[in-house]
Trainee: 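Quick one: this structure, given as structure tokens, is what I'll be asking you about.
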Protein chains: 2
Amino acid sequence: MENRDVDRTLSLMWRRVLGTPQGSRGPKQRFSVDEVIRAGIAVADEEGLPAFSMRKVADRLGLKLMSIYTYVPSRDELIGLMVDEVMGEPELTPHAGDWRERLTVVARQMWDEFHRHPWLLQVEQSRPWIGPNGSDRWEWQLAAIEGAGFTDLEMDQTITLIGDFTGASARADVAALRTAEQSGITDLEWWEVNAPVLERLMPPAAYPISGRVGTTAGEEYNAVRDSERSFRFGLERILDGLEVLLTSGRRPRS
Amino acid sequence: MENRDVDRTLSLMWRRVLGTPQGSRGPKQRFSVDEVIRAGIAVADEEGLPAFSMRKVADRLGLKLMSIYTYVPSRDELIGLMVDEVMGEPELTPHAGDWRERLTVVARQMWDEFHRHPWLLQVEQSRPWIGPNGSDRWEWQLAAIEGAGFTDLEMDQTITLIGDFTGASARADVAALRTAEQSGITDLEWWEVNAPVLERLMPPAAYPISGRVGTTAGEEYNAVRDSERSFRFGLERILDGLEVLLTSGRRPRS
DNA sequence: CCTAACTCCGTATGCCTTACGGTATTTGGT
DNA sequence: ACCAAATACCGTAAGGCATACGGAGTTAGG
């Protein structure tokens, strides 16, 4: 990636700060970059990232396909801009309560966001775009545990841990929701269709533990999985583990 | 999804158990389903899932594109079969040591696997295929914590937690490795190109905490991120948190 | 008032999956 | 021994995608 591309990318990301460097010669653009980004978000919200295409963005704006490329250099770039745009949606409310409550808010915000914009989980960012909203968010997330007693390194690792885990849980939950919706068949119905076949294929003797655990979980969840509950379980364990780190005594306030 | 499709899907998955129901009339197939699956894995290993195509699988076997469809009903199905095939690669060694060590082995096995077959992280399984190797693995993973004092429900949630977290960490690590390899530019070089631009865009006063933390982390990691280290950090926290759950006293052996 | 710069778009290239129909091959049944 | 059914393999085409390129129309600076 050339230096010029870096500039092009970043100047779109930070267009609020830099202003839009509109050359003044030719005709004015019919839309703004922001409108293109918002149209992109709408398409992705409705159809998911695999079905997201430049043509659909263009159609939504009443432009023809290739005109989109005068606003944005490529599909990947547009997606990067969409991501940072979305990062700016939730208000970064001042932190309150102890660090456990604060981290819970941080995690819950991400969880909600992944449900509002499931395509975020499908973005493959080769190199992370550094945009204004993402940067503000990262600052806010770190602020949640500032002064709790972590070292700088641990702060970085802690937010990464919370984010990674929340993303993975949300991914499972969103996948389950989407499948249920698309196939028009509930988890339970699916199971009822497959169970007889699987019972023939999987002798209980070969799966003593998963058989027992699966039955218990199925009865308790009233479904094959309950991702929301797994998320709460995991988050509590992680918070407990962080507390152990903080109270293990070997730690002078850095 | 019709009942017949369920059968078709599952009978391919469990072909070892069921035998291949080869009608005996026409010409024999030149290859086996297993060879197709292995060719698919080779393609995915080399080029990743986005570049994975039926044509490449066919080319690798010396078949023409459409012939693949006589072995496997669709691309998605083939990917499902590839996943279960890969799940059978590592040996499920008998568990030894305490539950912490065992869970570490479980997590490390997944971590390694995601690095051996990074495309696993790109698979969007709408409904999870239940195959023999995946089932055996799940049984083995649960066995790692059998008798440690968890309830059945907690066993399910614990393995899910370890798996989710490991997947997310591996995703970050693999993405970083791939980017470094593809762009031929290291994290550090990328930073050196971008830093001057970003310094202009991001006034330090607006990012006091992330500035400080980022500097510390950068010096310590000798890179922007160190996913391997974040993985070890997160895993330790999670294991600590699970230990809290087990030793909190409120727990009669279920 | 002319021309440089710019927007918008038509066309083309080269990918992808998969539906469909044709042809060659093998074998069970007669 | 021969025919017909079943099957594997493949050619073609439809309908999708990103994006390179060049042309036509529009605007404003000099």
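Every chain is numbered from 1, with letters handed out A, B, ... down the list of sequences.
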Trainee: So does A:T70 get a side-chain nitrogen or oxygen closer than 4.0 Å to the phosphate oxygens (OP1/OP2) of C:dC8?
Mentor: yes

Trainee: Between protein and nucleic acid, restricted to nucleotides 11-16 of chain C and to nitrogen or oxygen atoms under 3.5 Å apart, what atom pairs and distances do you find?
Mentor:
residue	atom	partner	partner atom	Å
C:dC16	OP1	B:S53	OG	3.2

Trainee: Take the protein atom OH of B:Y69 and the nucleotide atom C1' of D:dT12, then report the distance between them rounded to whole Å.
Mentor: 15 Å

Trainee: Whole Å only: how far is the CG atom of A:L78 from the P atom of D:dT19?
Mentor: 10 Å

Trainee: Enumerate the side chain to side chain donor-acceptor pair (under 3.5 Å) contacts for residues 166-178 of chain A, please, sequence neighbours excluded, ordered by first and then second residue.
Mentor: A:H115-A:D173

Trainee: Rounded to whole angstrom units, what separation is found between the CG atom of B:L49 and the C1' atom of C:dT17?
Mentor: 14 Å

Trainee: Round to a whole Å and report the spacing from CZ of A:R30 to P of C:dC6.
Mentor: 18 Å

Trainee: Specify the separation, in whole Å, of atom CD of B:Q29 and atom P of D:dC10.
Mentor: 12 Å

Trainee: Using residues 55-62 of chain A as the side-chain source, report each donor-acceptor pair under 3.5 Å to any protein atom, sequence neighbours left out, with the distance given to one decimal.
Mentor:
residue	atom	partner	partner atom	Å
A:K56	NZ	A:E47	OE1	3.3
A:K56	NZ	A:A51	O	2.9
A:R60	NH2	A:E46	OE1	2.9
A:R60	NH2	A:E46	OE2	3.2

Trainee: Mind checking whether A:F231 and A:F165 have parallel, tilted or perpendicular rings, split at 30° and 60°?
Mentor: parallel

Trainee: Tell me: NZ of A:K64 to P of D:dC21, nearest whole Å?
Mentor: 23 Å

Trainee: Distances for protein N/O vs nucleotides 25-27 of chain D N/O pairs under 3.5 angstrom?
Mentor:
residue	atom	partner	partner atom	Å
D:dT27	O2	A:R25	O	3.0

Trainee: Between A:S230 and B:Q157, do the side chains contain a donor N or O and an acceptor N or O under 3.5 Å apart?
Mentor: no

Trainee: If you look at every heavy atom in B:P50 and B:Q122, which pair is closest and at what distance?
Mentor: CD-OE1, 3.5 Å

Trainee: Under a plain distance cut-off of 3.5 Å, with no hydrogens placed, do B:W119 and B:D45 share a side-chain donor-acceptor pair?
Mentor: yes

Trainee: Can you list the residues that meet the side chain to side chain donor-acceptor pair (under 3.5 Å) rule with A:S135, with sequence neighbours excluded?
Mentor: none

Trainee: Not counting sequence neighbours, which residues clear side chain to side chain donor-acceptor pair (under 3.5 Å) with A:R137? List them please.
Mentor: A:Q109, A:E113

Trainee: Expressed as a whole number of angstroms, how long is the span from B:I68:CD1 to D:dT7:P?
Mentor: 19 Å

Trainee: Quick one: label A:Y71 by what it contacts on the DNA or RNA (base, sugar-phosphate, nothing), any heavy atom closer than 4.0 Å.
Mentor: sugar-phosphate

Trainee: Is any NZ, NE, NH1 or NH2 atom of the basic residue among A:E89 and A:R116 found under 4.0 Å from an Asp or Glu carboxylate oxygen of the other?
Mentor: yes

